[in-house]
Asks: 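Please find one structure pasted underneath; my questions will follow.
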Amino acid sequence: VVEKQLAAEGLTRDSLGREAFVKRTEQFVETTGGEILNQLKAIGSSADWTRTAYTLSPPLSEAVTEAFVRLFEDGLVYRGHRVIHWCPRCLTSLSDEEAEFNDTQGAMYHIRYLMADDPTRSITVATTRPETLLGDVAVAVNPTDERYADLVGKQLVLPLNGVRIPVIADDYTDAAFGTGAVKITPAHDPNDFEVGMRHKLATPIIMDAEARMNGAGDAVDRVPPELRGVDRFEARERIVNMLRDGGALVKVVPHAHAVRHCYRCDTVVEPRLSDQWFVKMAPLAKPALEAVRSGRIRILPERWEAVYINWLEGIRDWNISRQLWWGHRVPVYYCDMCGAAPRASRTPIAICEECGAAARQDNDVLDTWFSSWLWPISTLGWPNAQSADLKAFYPGDVLVTAPEILFFWVSRMIMSGYYFMGDAPYHTVYLHGTVRDMQHRKMSKSLGNGIDPMDVVRLYGADALRWTMIAGMGLGVDVLLDPTDLDKSFAPGRNFGTKLWNIGRFLLTKVGSDPVMPLSSIAPDSLTIADRWILDRLDAAINESNIALGPVRPGPSGAWTDAERNAGMRLDAYADAARRFVWNELADWYLETVKPRLTAGGADADVARAVLVHCFDNALRLLQPIIPFITETLWAKLPPIVGGAERGSDFLSTSGWPAVRTTHMATGESFELVRNAVMAIRQIRNEYKTKPGVLVNVTLIPSATDSASAEQFTTAIGGLTRSTVIVSATEPAAQGAAQIVLSGGTEVSIPLAELMGAESAEDAAKEKLRLAAELEQTQKLLDGVKARLSNEAFTARAKAEIVEGARAQERELIQKVEALTKKVAAL
RNA sequence: GGGCGAAUAGCUCAGUUGGUUAGAGCACCUGUCUUACACACAGGACGUCGGGGGUUCGAGUCCCUCUUCGCCCACCA
């Protein structure tokens, strides 16, 4: 923008000078950028953050200089004369990574070059960039290509400018591709440059920096006057027409190929011969490769490791100089007077040490990634080796980032970590998915398909935003969000947050603020079957979360084992385990059973309070990383523990991750019976369309294996199903009752008259149909198990526990089928 | 051109080393304002796991092949 303003005033950045240009740009940021700064301040962001985007803060600047000078002194930074990617709009060179490929439908132009001493003979070359023919210095053919063997060494005449060029033989040419003859343009193609070097050919540059046709120096005669100053693409058209008119154009065939574009402005990149600074990458890549191969660093998802290794193995030198004015200036100084060797220096050099003349600093700046690759160390105080932060926090643990900057940033940070610190900057690289819209398009400003996170925060809350992102984040899977329907994506997160809040509201009001007993002080005998069950489920949820997240760090060896390296970081599985516990177990079952106990008061109420608070405390710890705000608020309101015991911290966020109990008590299987009975009764009530308010009498005949007291069954089941439960040892009459046989053999019976109301009490046919259907389904299952077990191949070859499992299932199903058969018969 | 990944309920996705009746959320259907929560509760319906072939006592899971999407890399002019 500043450059445009200058142009309007008839100025350029060159005429203005670097100092004035920088000042001018700073003013622009101050004024125009002020609104942006204010917005950032409003949400609590540091204004310095914005400034560093324009100027490096002094410590970072020091780090960049140090890194450059050290690499220079070690011979890993060098100045090279070669063909690089040039953006004619940004007027700078680009690294390989910054010049992105786009598939483009272009054309292959076949052009005839005539022999100089025998115009009846010719060679036809094929090219996608005909305008570069003005810069051709040779035509190369394969040495084994018999078609052209007798032409090697002869001269051709370039169409349009009449320049004479030789036919050369070089392995680079593939006889099978195109016409088998390649035009060589050393200054505008990296491969041609290599060929040119081998054959000691000239390197005429035929375009200016903005990619307008223009020969400089001795190439001036190569560009016909009518083409000078013409943009390359217009020149292409005109040249093709000129060739056609002159009879040199043999044919044009459509040709799909990949063309490099500037990653910033999307302009087609022009290969261009120039002097640039490079970093030798092979020595840096070596330890970075070894780190991943040995397991010192793991990359998740694992498949990216192959991509990383493949890239590093074929790595090419890194062009780090840019012809921009914003950035960190290359700290190399020249003397134009005596021609002393360029020097890299940590401090500015004003005067040449050799001859005393004024020294000149290199005019290029460094690639922004040259500062970014130092990020893990420069942010911790490097190059100050005494930095306390560096000692305390290097190396770090996990880098979370997007796969598209694996090469730009991730791998280079690893290289700089090894080179400057002798160790990797982290042990885990977690590459997350990309947020896309429903058409799988990357969200972007230009497409207008993005979602403003602040809108989501306003409408659904920050916790809901985090929930959606984390719970939807399968390892290596893209997250699809619909920008036109925020509700679809974010309502589930909001709903869960609200649910959690309501659980807390209920729990805190019912439990009150009186101190609760610590779980450890409760006698196991006083725990109900529901207590034991929920404590079991809590342990299961913690275990599941731990497995989903995996080990935090590699073992003592410092390297990941094969078993460890691909386990963990399953954020979606962790979120799911935590949600299931809180919603489907704690809220749906335990809270419902505990209500009457809390109201009743007494010793049992204290037990219930203790278990409830313990479970909720741990549930909040489990959810804190995903839902930090709601959990923190609720946790602060938990009642104190008897005796003033601490919960580990004043804040949930630093209170510690939950741990499973070390002592085990009787399992919660009895409560599973309650759950099965409750679900069965509810199902019956629904099928018979019993009004929700109607109280029914339920007879429960527990199987011999159920040990829990009858009282616990009656209260638990009764409370959850609006029924009065009688535990009985005797079989009730099948006639006139709805019957349920649970898998353990426990039977449940409800009089039809109560389910259906007095007016239709006689309708036993429906119940018979219902039971018969269930019998049929159970029988089918049993038949399947029996068939499997009677297959000798199965019993002989399957693992013992699988076969035993099938036998147990068979026994259970036989029991159930018998009971159901009896009941159907009685009806 | 080379490499990699994906295809499972209407939608977005889970499915650990092959193990029997394939799950969740949303959407859908029925009922309910049951004093924490209708952003909720209870119940329900919905899938021959992309097509074909193979290995196996047993395949969503392993192998081959085809189809369709997607990603990464690449100096064939």
Side-chain angles (χ1 to χ4, degrees), chain A residues 83 96 101 108 125-129 132 140 172-174 176-185 189-194 255 257-258 260 271 301 303-304 306-307 310-311 314 316 403-404 406-407 434 436 438 440 460 464 471-472 474 476-482 487-489 491-510 547-548 567 570 572-573 576 579-580 584 587-588 591-592 595 678-679 682-687 689-693 720-722 777 780-781 784-785 787-788 791-799 801-803 805-806 809:
Chain A
V83 175
D96 293 343
F101 278 108
M108 183 76 87
V125 298
T127 180
T128 54
R129 295 188 297 151
T132 62
Y172 164 67
T173 308
D174 175 0
F177 187 88
T179 62
V182 190
K183 57 192 272 315
I184 300 299
T185 324
D189 185 286
N191 300 307
D192 291 7
F193 182 74
E194 296 295 321
H255 182 70
H257 59 144
R260 287 193 188 259
R303 61 190 147 91
W304 284 102
V307 176
N310 185 46
W311 184 74
R316 286 179 290 167
E404 54 256 44
L406 182 61
F407 306 138
T434 306
R436 297 176 184 279
M438 301 319 278
H440 298 215
Y460 301 91
V477 175
D478 288 343
V479 178
L480 268 60
L481 300 177
D482 190 346
D487 229 47
K488 193 177 173 188
S489 302
R494 176 203 57 193
N495 294 355
F496 182 43
T498 308
K499 183 73 182 180
L500 187 63
W501 182 256
N502 280 316
I503 292 168
R505 217 152 58 107
F506 164 80
L507 187 140
L508 295 169
T509 52
K510 292 285 182 188
I547 290 168
R570 264 51 174 199
D572 55 335
D576 195 49
R579 197 210 78 241
R580 236 183 14 248
N584 302 102
D588 286 351
L591 278 186
E592 295 301 328
K595 277 176 182 172
V678 166
M679 287 188 277
R682 283 173 177 166
Q683 199 178 333
I684 295 274
R685 289 185 64 125
N686 251 288
E687 275 181 40
K689 304 213 184 303
T690 310
K691 288 266 187 297
L720 291 167
T721 57
R722 289 224 151 189
Q777 205 189 343
K780 234 158 87 184
L781 277 177
V785 177
R788 205 170 320 121
N791 181 351
E792 274 178 39
F794 172 68
T795 49
R797 298 195 194 190
K799 275 180 284 184
E801 68 254 35
I802 298 295
V803 177
Q809 196 191 5

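Residue numbers start from 1 in every chain, and the chains themselves are labelled A, B, ... in the order their sequence lines are given, proteins ahead of strands. Since we're looking at a predicted model, the values are computed, not measured.
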Asks: Excluding sequence neighbours, so at least two apart, what forms side chain to side chain contact (heavy atoms under 4.5 Å, CB included) with A/A306?
Replies: none

Asks: Please convert RNA chain B into dot-bracket. A pair counts if it is Watson-Crick or G-U wobble with both distances under 3.5 Å; crossing pairs go in [ ] and bases paired with another strand get |.
Replies: (((((((..((((.....[...)))).(((((.......))))).....(((((..]....))))))))))))....

Asks: Please tell me which of A/P492 and A/A793 maps to the more 5' nucleotide of RNA chain B, matching each residue to the nucleotide holding its nearest heavy atom.
Replies: A/P492

Asks: Would you call the rings of A/H255 and A/F177 parallel, tilted or perpendicular, where under 30° means parallel and over 60° means perpendicular?
Replies: perpendicular

Asks: Excluding sequence neighbours, so at least two apart, what forms salt bridge (charged side-chain N to carboxylate O under 4.0 Å, His left out) with A/D174?
Replies: none

Asks: Holding to side chain to side chain contact (heavy atoms under 4.5 Å, CB included), I want the full list of residues that pass it with A/P492, two or more places apart in sequence or in another chain.
Replies: none

Asks: Using a 4.0 Å heavy-atom cut-off across all strands, classify A/V785 as base, sugar-phosphate, or nothing.
Replies: nothing

Asks: If I pick the P atom on B/U32 and the same atom on B/G25, what distance separates them, to the nearest angstrom?
Replies: 23 Å

Asks: Can you build the contact string for nucleotides 69-77 of chain B? Use B for base contact, S for sugar-phosphate-only contact, and - for no protein heavy atom under 4.0 Å.
Replies: ---SSBBBB

Asks: Suppose you measure atom P in B/A14 against the same atom in B/A24; what distance do you get, rounded to whole Å?
Replies: 16 Å

Asks: Is the shortest distance from a Lys or Arg side-chain nitrogen in A/K488 or A/D482 to a carboxylate oxygen in the other one below 4.0 Å?
Replies: no

Asks: Quick one: what's the B/S/- string for nucleotides 33-44 of chain B, heavy-atom cutoff under 4.0 Å, read 5' to 3'?
Replies: -S-BB-BSSSSS

Asks: Determine the Euclidean distance between corresponding P atoms of B/G23 and B/A9; express it in Å to zero decimal places.
Replies: 14 Å

Asks: If the P atom of B/G43 is compared with that of B/G51, how far apart are they to the nearest Å?
Replies: 33 Å

Asks: For nucleotides B/G52 and B/C75, find the distance between their P atoms and express it as a whole number of Å.
Replies: 42 Å

